[in-house]
Amino acid sequence: MIDLLQQRQLEVAKEFEFFEDWMERYEHIIELGKELAPIFEADKLDENLIRGCQSRVWLLAVKDDEGNVQFRADSDAIITKGLAALMVRVLNGLTPKEIAQANLWFIEKIGLDAHLSPTRANGLRSMVQQMKHYGIAFQAKV
Amino acid sequence: MIDLLQQRQLEVAKEFEFFEDWMERYEHIIELGKELAPIFEADKLDENLIRGCQSRVWLLAVKDDEGNVQFRADSDAIITKGLAALMVRVLNGLTPKEIAQANLWFIEKIGLDAHLSPTRANGLRSMVQQMKHYGIAFQAKV
Amino acid sequence: MSKAIDPAALRAQFPILNREVNGKPLVYLDHAASSQKPIAVIEAQREYLMHYHANVHRGVHALSQQATDAFENARTIVQRHIHAAESCEVIWTAGATDAINLVMQTWGRDQISRGDTILLTRMEHHANIVPWQMLADEVGASVDVVEVKDDGNLDDEQLRQKLALGPKLFAFTHVSNTLGTVNDAKELTRQAKAAGIAVLIDGCQAVPHMEVDVQDLDCDFYIFSGHKAYGPTGIGVLYGKRELLESMRPWRGGGEMIDVVSLEDGTTYAGLPHKFEAGTPHISGAIALGVALNWLNGIGAEAIMDHETTLAAHARNGLRSIEGIRFIGSSASAAGVVSFVVDGTHPYDIGTLLDSQGVAVRTGHHCTQPLMERYGISGTVRASFGAYNTLHEVDTFVAGTIRAVRMLRD
Amino acid sequence: MSKAIDPAALRAQFPILNREVNGKPLVYLDHAASSQKPIAVIEAQREYLMHYHANVHRGVHALSQQATDAFENARTIVQRHIHAAESCEVIWTAGATDAINLVMQTWGRDQISRGDTILLTRMEHHANIVPWQMLADEVGASVDVVEVKDDGNLDDEQLRQKLALGPKLFAFTHVSNTLGTVNDAKELTRQAKAAGIAVLIDGCQAVPHMEVDVQDLDCDFYIFSGHKAYGPTGIGVLYGKRELLESMRPWRGGGEMIDVVSLEDGTTYAGLPHKFEAGTPHISGAIALGVALNWLNGIGAEAIMDHETTLAAHARNGLRSIEGIRFIGSSASAAGVVSFVVDGTHPYDIGTLLDSQGVAVRTGHHCTQPLMERYGISGTVRASFGAYNTLHEVDTFVAGTIRAVRMLRD
Ligand SMILES: Cc1ncc(COP(=O)(O)O)c(C=O)c1O
Ligand SMILES: Cc1ncc(COP(=O)(O)O)c(C=O)c1O
C-alpha cells in the first residue's frame, strides 16, 4: 500500500529543497496560489471563513463517492492562498481518518512552521485545524 | 549688627561637624527633640498640624511684643521633633522679614537636605515652608 | 521534600544586594513592599528591548512575531505557575490593584446592586478595600468585614455567620502583608462557594512565597503583582474562570480588545484574553515576569517558605528581649513577615535609625489602616523576608532595632 | 534653526538596528506601532532595577527615597517636556489607551449624559473611539465624527458645523497614525474652546515627532504612550488641567490614592497626582520614560520632524513608479508616515515579502477601521519612520516593495 500522505509530503519537501532564501520560497508559494482554482463567490460565506487577523481564508470540504475528503480553499491574500494550496495538495482525497490523524511534518521541513504559530496573522494554523476537524467530523458520520 | 541667623547656623554647623556617622547625628537630634518643650495637648489642633506621611508635626507661631516671631513645635516622632527643634532654634525670635527671606544653608551643610526632599515622609520640608509662610503673613500684618 | 535554600548562592544573583546604604551594607527587609529582582529577570527585560522589541499581535514582520511569541509564552508560564486550566484565563494587568479594579468595574458593576453585601476581611490591603467601597457607594451596596482575632487569625466563627448572611462576593487576602497570617484559602473558598458566593483572592503575598493552584482553590478570581514576585514593575495578573471572564463585559476600550470597530454599526469585541487587554501591553514586563516565575519555580515555593519562616522565627526570638515590644500578628501559620511596635517609640523613628544602619524595613500602616485601627495603633515596624535574606541579616536587623530602641528611650 | 540629524551616529545608540531578519539587515519602518529604544533608556531601566529599586512613597529607608526621587523627577521631566504648568498635572498611566479610558470613566461619566454628543474624527485610533462608544452606550449619548477628505485632511467646514451643534467633548488625534496627517491642534482646540467644548488630544504620534506645548494648545487633556516615544512599554501619560483633574472623582481604588481608609467612616482621597495613581506604579518605566524624553530633547523635535518628512517624501517619490499604487493620505502637512495600497495585491502579501527582505512595515487597518471604511479598503501597507532611519533604508524599502509587487502580479 502506498502511503499517499507520506509520498505527497516527500514530494513537497523535495520541491522546496533547493530554494536559497525566503523570496524564492514565496515565489513558489505565490505560484501555487495562482494555480489554485478560486472558489465561487457564492461559497465565500461566513460559515466557510477562517479569520486570520489580516487575510481571510475560505475552506470547504465534501466527502466524495469513495468516502474521501475533497477540499476547496481560497484567500484574499495570495501567499495565504498558496499556503492553502499546499495544504489541499497534501490532504486532498485522503480518508477522513488519515486527515484526522495526519502528522504534517513537511510544514516544519520546508520552514513554514513559523507560519503556524498561534499568533500568526495569516490563519494557516486555524486552517490546518479546520481541515482536521473536517476529518474528524466526516469520520463520525460514517 | 550681628546677624543672628548666620550666627546660629554657624553654631549648629559646628555642633554637627564632628559626628562620624548618621547614628551619632541622630543621637544628637533625638537629644534636641527630648529637650524641646512639648506643646499643650490643647494646641494639637488640626489647624496646627503639618502632615508628613508618617509622623505628625504641630507648629504654632506668635508675634511677640517686639514684633519678632516665636515658634513652638512638637511631633509624635522624636527624630522629627529633633529636626523641628533645630529649625525653631535657628529661626526663633527673628523678624518676620528675616524668616521669610532666610537662606537656610545649614540644612545642607549638616547633611539633612535629604530630609527636605518633597517625597520625604517626615514633613520637614512642609515645616520649613510653613515657618516661612508665618514670616510672610506676619510681615503683611505690620 | 524540597531542597533547602542556599541564600549565599542566591544572593550572587541580586546585584542590588552588594550595595551600601549610609555607609553600611544594605540589608533589604522590605520584600513585602517590593521584591528585588534576580539578574535573569533584569537581563530578560533588557534583552527584549535590545534585540526583539516590537508591538505585539497583528504584525506580519519577524520582530513582531518574535515579540508576540515571547509575550504569549509568558502567559503560558503564568498559567502553569498558578495551575490555571487555560492560558486565556490569564489576563495581563498593570498590577494587582489594576486587576482588582478590573473585576470591580466589570463583574462587580454587573453583579452587585443595591442592598447587596461585599464581604472582606479586616486584614485586607487598601487595594482590596477601596475599590469595593467605591462600588458600594456607586450602587448602594454595603461592605462588611470579617474581624481579625488578637493573634492575627480570622474569626472563623464570625466568618461562618457572615457568609450565612449571603454576601455576593467574598474577597480576601491569601497572605496578610502586615501580619504574615496565611489564610486557609482553600477552606475559606469552599465555605463561600458552598453558599453560592463568588470568591476573589488577593494573592500578592502568596505567589512569591508558596505554591498556588487556582483550580485546587476553586476560586473565581485570583490576582497578584509581578513586582512582589521577583518580577518587574508595571505588570500584574488577573486569573478568572473562563466562563466568568467570558460572561463579563470589557472594561478598557481600545486596540487589541476589539473584533470590528464601526462608527455606524457599532463595535464588537475580541475573545479572551484580549477582550480585557486594550492597548499596547507591557510587553517587556510580561516577558520578564515569565522569567521571574520560572526562576521562582527553579528554587521551589516550599523551600522559599521554609526559609522565610525560619528567618521570621529567628527575628522574633531576637526581638523578644526588647522591653515593651508587641508583635502585631502571631498566627502559628505566619509567613515571613514580622510586624511590631515598641512602647514609647514611634515606628518612624525606629525605621529611620535602622535605615542609618543600612537596614531597610517598612514603617507605617502598610496600606492596611483598618487593621491598624483594630490594634489601636497608627503603624508598625515591619520586616519582611525574601529568598535572598540570611540569618546574619536578621541578626543585624535585631541588633539594630535593639540599639535604636535604646537610643530613643535613653 | 535646529541641527540636522545624523542618523548614522544615532543608530549606534540602538542595539536592535544591528540585527538581521531573515538573513537580511533589519530595516525597521514600524515606528508608529512602537519605536525602538536607545541604549540610554534600556540601561536606565536596568540600572534602576540593579541598584535602587524599591517601592516608592511612604518608605523611610534610603532605597525607597532614592526610587521615589527618581520617579518624581521623571514626572517633572514629562511636565517640562510637554510644558505643563505643574508636575501634579502629569498622571502616570499604563499607556495611552489606559489614559483615555481614565478620562472616559471619570470626567466622562460625570459630564456626559443622555442626549449628549461626543465628537471625534474619522481618523481616530480605536483607542480614541471605543472608550467613547462604550460611554455613549452606557449613558445614552451619541458619538459623531468629523469626516476626512480624500487627501487625509479633516473637513474644516464640517468641523465648524459639528462644533456648532454643541458636543460636550471634542477628542481628536494630533497626528494620524495611518495617514500621517498633522492636525492643527491649536486651531482646532481654539474653535472648540471658544464654543465651550472640552478638548482631549491624542498625542501618541505627536510627542515622538514634534514639540508639544499643552499650555499653548490650551487643551483640557493630552495623552500619549511611552513606547512610541523611544520609551519603555507599560507606561503612558495623562496630562490634564489642574482644576479639571481636581474636580474629577478617582477611578481605580487602592493604595497611594487614599488619604484615610476607614471601614466605618468611609475613605478620603489623596491630592493630585496620586489620586489617579492607585497601587504600585511602573517605577522603572516612568524613570526610563524620563530618560527617553530627555534623549528626544537632546536631538530636538524639529530636527526629528524634518528628518522624517524628508524620508517620507523620498519614499513617496520612489514608490510612485509602481503602477496602480494609491497613497492613503496625502496631506501637505504629513508626518513621517507613508500608507498605501497597490491594485491587485493584498497588503499582507506585500508586508510578508518585505519582511523576507528584512524590511519591517505594518500592514492592516492600524487600529483605524472607520478610516479604512472611508477609503473603501481593508488595510494598507504602512511604513513609518523614526529618528534612526536613513535614506538608504528607504531605498531598500522602495526596491523591496517594487520587487514584491512584481512577484505578486507576474
Ligand atoms: C494615534 C494613536 N492613539 C492611540 C494609540 C494607542 O496607544 P497604546 O496602544 O500605547 O495605548 C496609538 C498606538 O497604536 C496611536 O497611534
Ligand atoms: C496583600 C496585598 N494586596 C495588594 C497589594 C497591591 O499591589 P500593587 O501595589 O502592586 O498593585 C499589595 C501590595 O502592596 C499587597 O501586599
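All values derive from a computational prediction rather than experimental measurement.
Side chains of D/Ile258 and C/Gln369 form a contact here, defined as non-hydrogen atoms less than 4.5 Å apart. You'll find the side chain of D/Met134 reaches within 4.5 Å of the side chain of C/Pro250, heavy atoms only. Side chains of C/Lys37 and D/Met50 form no contact here, defined as non-hydrogen atoms less than 4.5 Å apart. In this structure, C/Arg362 and D/Ser64 have side chains that are in contact, with non-hydrogen atoms separated by less than 4.5 Å. Put simply, the side chain of D/Ile235 does not reach to within 4.5 Å of the side chain of C/His282, judged on heavy atoms.
Put simply, of C/Thr97, C/Val130, C/Leu26, C/Thr233, the one with the most heavy-atom pairs under 4.5 Å next to chain D is C/Thr233. If you tally non-hydrogen atom pairs under 4.5 Å between each of C/Leu135, C/Thr267, C/Val21 and chain D, the highest count goes to C/Thr267. When each of C/Val359, C/Thr363, C/Thr280 is scored by its heavy-atom pairs under 4.5 Å with chain D, the top score falls to C/Thr280. Of the listed residues D/Glu43, D/Met104, D/Lys228, D/Glu256, the one with more heavy-atom pairs under 4.5 angstrom with chain C than any other is D/Glu43. Of all the listed residues (D/Cys367, D/Gly364, D/Pro370), the one sharing the greatest number of non-hydrogen pairs under 4.5 Å with chain C is D/Pro370. Of the listed residues C/Arg249, C/Arg122, C/Met257, the one with more heavy-atom pairs under 4.5 angstrom with chain D than any other is C/Arg122. Comparing D/Ala54, D/Ala94, D/Ala278 by heavy-atom pairs within less than 4.5 Å of chain C, the highest count is held by D/Ala278. Ranked by heavy-atom pairs under 4.5 Å with chain D, the list C/Asp137, C/Ile129, C/Asp98, C/Ile39 is led by C/Asp98. Highest contact tally toward chain C, considering only D/Val260, D/Ile100, D/Leu354, is held by D/Val260 [criterion: heavy-atom pairs under 4.5 Å]. Taking chain D as the reference chain and counting heavy-atom pairs below 4.5 Å, the highest number among C/His125, C/Arg252, C/Met372 is found for C/Arg252.
C/His227 and D/His53 have perpendicular rings, their planes meeting at more than 60° on a 0 to 90° scale where under 30° would count as parallel.
Using a 4.5 Å cut-off between heavy atoms, C/Trp251 contacts chain D through both its backbone and its side chain. With a 4.5 Å cut-off on non-hydrogen atoms, C/Val41 does not touch chain D at all. Heavy atoms of C/Ser35 lying under 4.5 Å from chain D belong exclusively to its backbone. With a 4.5 angstrom heavy-atom cutoff, C/Val261 touches chain D via backbone and side-chain atoms both. Heavy atoms closer than 4.5 Å to chain C are found in the side chain of D/Arg109, but not in its backbone.
Of the possible donor and acceptor atoms, one in the side chain of D/Arg19 sits under 3.5 Å from a partner among the backbone N and O of C/His51. At distances below 3.5 Å, at least one donor-acceptor pair connects side-chain atoms of C/Asn55 with backbone N or O atoms of D/Ala33. Listed for the D/Asn101 side chain is a donor-acceptor partner under 3.5 Å among the backbone atoms of C/Gly253. No side-chain donor-acceptor contact under 3.5 Å links D/Asn22 to the backbone of C/Ala62. Between the side chain of C/Glu373 and the main chain of D/Ser262, no donor-acceptor pair closer than 3.5 Å is present.
To the nearest 0.5 Å, atoms CG (D/Leu263) and CZ (C/Arg374) are separated by 13.0 Å. Separating the CG atom in C/Leu63 from the OH atom in D/Tyr28 is a distance of 7.0 Å, to the nearest 0.5 Å. The distance from atom NE2 of D/His61 to atom CG of C/Leu29, rounded to the nearest 0.5 Å, is 9.5 Å.
Between D/Tyr52 and C/Ile16, the shortest heavy-atom distance links the atoms N-CD1, 3.7 Å. The minimum heavy-atom distance linking D/Gly255 with C/His126 is given by the pair N-CB, 4.0 Å.
By the side-chain contact (heavy atoms from CB on, under 4.5 Å) test, C/Glu20 is found to be paired with no residue, residues two or more places apart in sequence or in another chain being considered.
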